[in-house]
Amino acid sequence: STSTGTFKTSTGAVSIGGAVTLAADKGITAAAGTAALDFSAATGAFSTSSGTNTIKGAVTLDAGVGIAAAGGAAAFDFSSATGIFSTSTGANTIGGAVTSSGALTMAANQNIVLAAGSGGITVTSPGTGNFDFSTSTGTFKTSTGAVSIGGAVTLAANKGITATAG
């Protein structure tokens, strides 16, 4: 169309019976209030632009719905947030290296399990890091391979070392 004027509708509901295409560099804006963009009755796909998309309100996923990255170098970055990040109670798999800039806390009565061939736990930087089980009353077992202790060993009072037969 060659029209250049403003198009206004009545204040009642407006139904559009055909496809809608916005011209380049044009948008849709809500002036104010509690306006909603409701596609809940639709079953088609919803795609966003390739630019940055900002969500200003809470997001809730419906039951059985997930979020998946199609591939590439996509990032899930909450590094500027200060809130809590919780996962589901099901198994959670992390496919790459894990780096923590703070303490790692394990809930009570939970275990860290290393799969066969996983390589173990390694401290790679020098420092005064501690491996402290002093408040535990459980047993501490090592592997069947050689065990090296690189520092002094102190036994608590009235404790000893027992060698089993073999």
Side-chain angles (χ1 to χ4, degrees), residues 22 27-30 32-166:
L22 291 179
I28 298 174
T29 302
T34 59
L37 184 60
D38 185 351
F39 281 83
S40 61
T43 58
F46 179 77
S47 297
T48 67
S49 65
S50 60
T52 299
N53 293 276
T54 302
I55 299 172
K56 299 254 183 175
V59 175
T60 301
L61 294 179
D62 204 0
V65 176
I67 296 174
F76 196 71
D77 186 352
F78 276 77
S79 60
S80 62
T82 58
I84 296 171
F85 180 78
S86 298
T87 66
S88 65
T89 58
N92 293 278
T93 301
I94 299 173
V98 176
T99 302
S100 173
S101 61
L104 296 175
T105 302
M106 179 70 64
N109 301 315
Q110 299 299 312
N111 298 312
I112 296 175
V113 178
L114 299 176
S118 64
I121 298 173
T122 304
V123 177
T124 58
S125 63
T128 58
N130 297 312
F131 202 66
D132 186 348
F133 285 95
S134 62
T135 60
S136 175
T137 58
T139 59
F140 180 77
K141 294 182 179 182
T142 67
S143 64
T144 57
V147 175
S148 297
I149 299 174
V153 176
T154 303
L155 293 178
N158 301 317
K159 302 296 177 184
I161 297 176
T162 303
T164 59

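Keep in mind the model is a prediction, meaning the values are calculated, not measured.
Side-chain N or O atoms of Asp62 include none that pairs as donor or acceptor with a backbone N or O of Thr60 at under 3.5 Å. Side chain of Asn109 to main chain of Ala107: no donor-acceptor pair is present (N/O by atom type, distance under 3.5 Å, no hydrogens or angles).
At most 12 heavy atoms of other shown residues, nucleotides or ligands fall within 6.0 angstrom of atom CD1 in Ile28.
To the nearest 0.5 Å, atom CZ of residue Phe78 and atom CD1 of residue Ile84 are 13.5 Å apart.
Taking the six-membered ring where the residue is Trp, Phe76 and Phe85 present perpendicular rings, their angle passing 60° and hence far from 30°.
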